[in-house]
Amino acid sequence: GKDYTPVSQFVSGQIFDADLGLLGIGAFYGARFAQVALNFGGFNIALINPNSGFIRGLTSTETTFITVPNPNPGQPPITSPVVDAAETNGDVDEVLPKLEVSWGMGFDAWNFKLMGGAQYYSIEDVESAENPGSTDDLDITSWALGADVGFNFGPGYVKGALSYGQNVGNAAWSVPLGVNERSGTYQGGLAMWDGDDDVNNTYTFQGAVVAGLKLSEMLAFEAGFGYRADRTDEGIDRDTKPWAVYLQSVIALAPGVYVIPEVGYYDLDNNAAGDEAGSLFYLGGKWQINF
């Protein structure tokens with residue numbers, strides 16, 4: 001069935017962007033996928049449907065134009081662009097499932113988890129742009145390692161997460177929507193074709209720290225910071241280094257009924273294309289009822 005995969009790091013209670021929790025900018029995310037999983041003694045191993053596809057540079061589209069009569073009398077015909085289906089260079093071949101593992105334990109005062117994952121697929125018969133007529137197979141290899149830890153002391157707690165990986169976007173270990181899409185971090189975790197017989201890998205580092213304090217049964221506070229850096233090899237100028245910070249209060253109106261105001265800031269740095277992505281300040285909140 002479907003479930004969150006072992007590499008997911010849920011250390012933050014951030015509510016912005018549909019309860020993002022610093023995922024994609026600070027914390028690693030494996031999403032929910034169909035899988036065969038085995039769990040015992042804090043150890044989790046999962047074989048997951050691989051996430052494969054053509055990488056950047058291996059697909060192209062062709063735009064044609066059609067002319068139709070103008071519905072307004074006396075006006076010239078209307079010409080509209082039509083984008084044809086994408087043409088692809090090569091043939092995607094999946095040979096292995098995506099593998100993810102984690103091991104963790106929880107105690108009264110602290111908890112921890114170690115995690116890792118690997119995925120491989122190939123794109124066969126790719127025609128070189130540098131040497132037309134020459135074909136090669138491309139290997140798309142993704143891997144990731146990480147850890148998260150939490151400490152509880154009286155009414156307070158501190159949590160942290162670290163991760164490092166290669167081509168994490170190709171393995172769907174990124175968040176493709178919302179602020180992550182705007183900042184380019186989703187695209188930034190993808191391998192790139194070198195135009196000939198190989199790929200340029202992208203390496204991603206992430207880190208997050210979260211701290212909270214429960215003042216009473218009705219009021220608690222939490223603050224968090226997340227950072228991400230993507231770097232593509234072979235000297236390609238495709239580096240992105242976004243970061244985010246937030247502060248929230250959790251107000252319990254009744255058992256299971258919460259109001260959570262939150263303020264935060266994102267420095268989105270550059271997107272995957274190298275263009276300035278700007279920054280984002282937000283102030284908002286949500287209410288929630290747990291049944």
Side-chain angles (χ1 to χ4, degrees), residues 1-32 39 42 44 102 104-115 146-163 174-183 185 206-228 242-268 279-291:
K2 289 187 177 182
D3 197 0
Y4 291 108
T5 67
V7 300
S8 300
Q9 296 177 314
F10 299 120
V11 298
S12 168
Q14 181 195 33
I15 66 170
F16 175 71
D17 206 5
D19 292 335
L20 186 60
L22 294 178
L23 296 172
I25 302 184
F28 210 76
Y29 186 51
R32 289 175 58 90
N39 308 315
N44 304 288
S102 70
M105 298 184 69
F107 305 94
D108 291 339
W110 69 292
N111 61 81
F112 75 92
K113 185 181 77 170
L114 307 176
M115 62 83 169
D148 52 77
V149 62
F151 297 94
N152 303 313
F153 45 91
Y157 60 86
V158 176
K159 303 177 184 178
L162 292 173
S163 63
S174 292
V175 183
L177 299 173
V179 70
N180 287 293
E181 184 175 48
R182 174 178 169 180
S183 69
T185 57
Q206 292 188 89
V209 60
V210 175
L213 180 65
K214 186 176 181 179
L215 297 181
S216 68
E217 294 299 322
M218 296 184 59
L219 181 63
F221 293 93
E222 181 176 286
F225 172 80
Y227 173 82
R228 172 174 175 148
W243 58 269
V245 62
Y246 72 92
L247 173 66
Q248 66 175 214
S249 63
V250 181
I251 304 169
L253 302 180
V257 182
Y258 302 95
V259 173
I260 307 175
E262 182 176 283
V263 60
Y265 176 82
Y266 279 81
D267 183 335
L268 302 177
S279 60
L280 173 66
F281 171 82
Y282 69 89
L283 175 63
K286 76 168 185 177
W287 60 272
Q288 177 176 320
I289 300 177
N290 297 335
F291 294 96

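Computed from a predicted model, the values in this text were never measured in an experiment.
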Donor on one side chain, acceptor on other, Y29 and T5, under 3.5 Å: no
Short side-chain donor-acceptor distance under 3.5 Å, D267 and S279: no
Residue W110 excluded, over 12 heavy atoms near CH2 under 6.0 Å: yes
Residues, nucleotides or ligands: over 12 heavy atoms within 6.0 Å of K286 NZ: yes
Side chain to side chain contact (heavy atoms under 4.5 Å, CB included) assessment of V209 paired with V11: CA-CA 8 Å; V209 60; V11 298; over 6 Å; no
Those residues that, when tested against N152, pass side chain to side chain donor-acceptor pair (under 3.5 Å) (two or more places apart): none
Test ring-ring contact (aromatic ring centres under 6.0 Å, His included) applied to Y265 and F281, step by step: CA-CA 4 Å; Y265 176 82; F281 171 82; 7.3 Å; no
Beyond-backbone contact of Y266 with W243, side-chain heavy atoms, under 4.5 angstrom: no
pair L280-V179: side-chain heavy atoms closer than 4.5 Å: yes
Test side chain to side chain contact (heavy atoms under 4.5 Å, CB included) applied to I15 and Q248, step by step: CA-CA 9 Å; I15 66 170; Q248 66 175 214; 4.0 Å; yes
Stepwise side chain to side chain contact (heavy atoms under 4.5 Å, CB included) check, Y227 with V245: CA-CA 9 Å; Y227 173 82; V245 62; over 6 Å; no
Worked check of ring-ring contact (aromatic ring centres under 6.0 Å, His included) between Y4 and F10: CA-CA 10 Å; Y4 291 108; F10 299 120; 5.2 Å; yes
Side chain to side chain contact (heavy atoms under 4.5 Å, CB included) assessment of M115 paired with Q9: CA-CA 9 Å; M115 62 83 169; Q9 296 177 314; 3.9 Å; yes
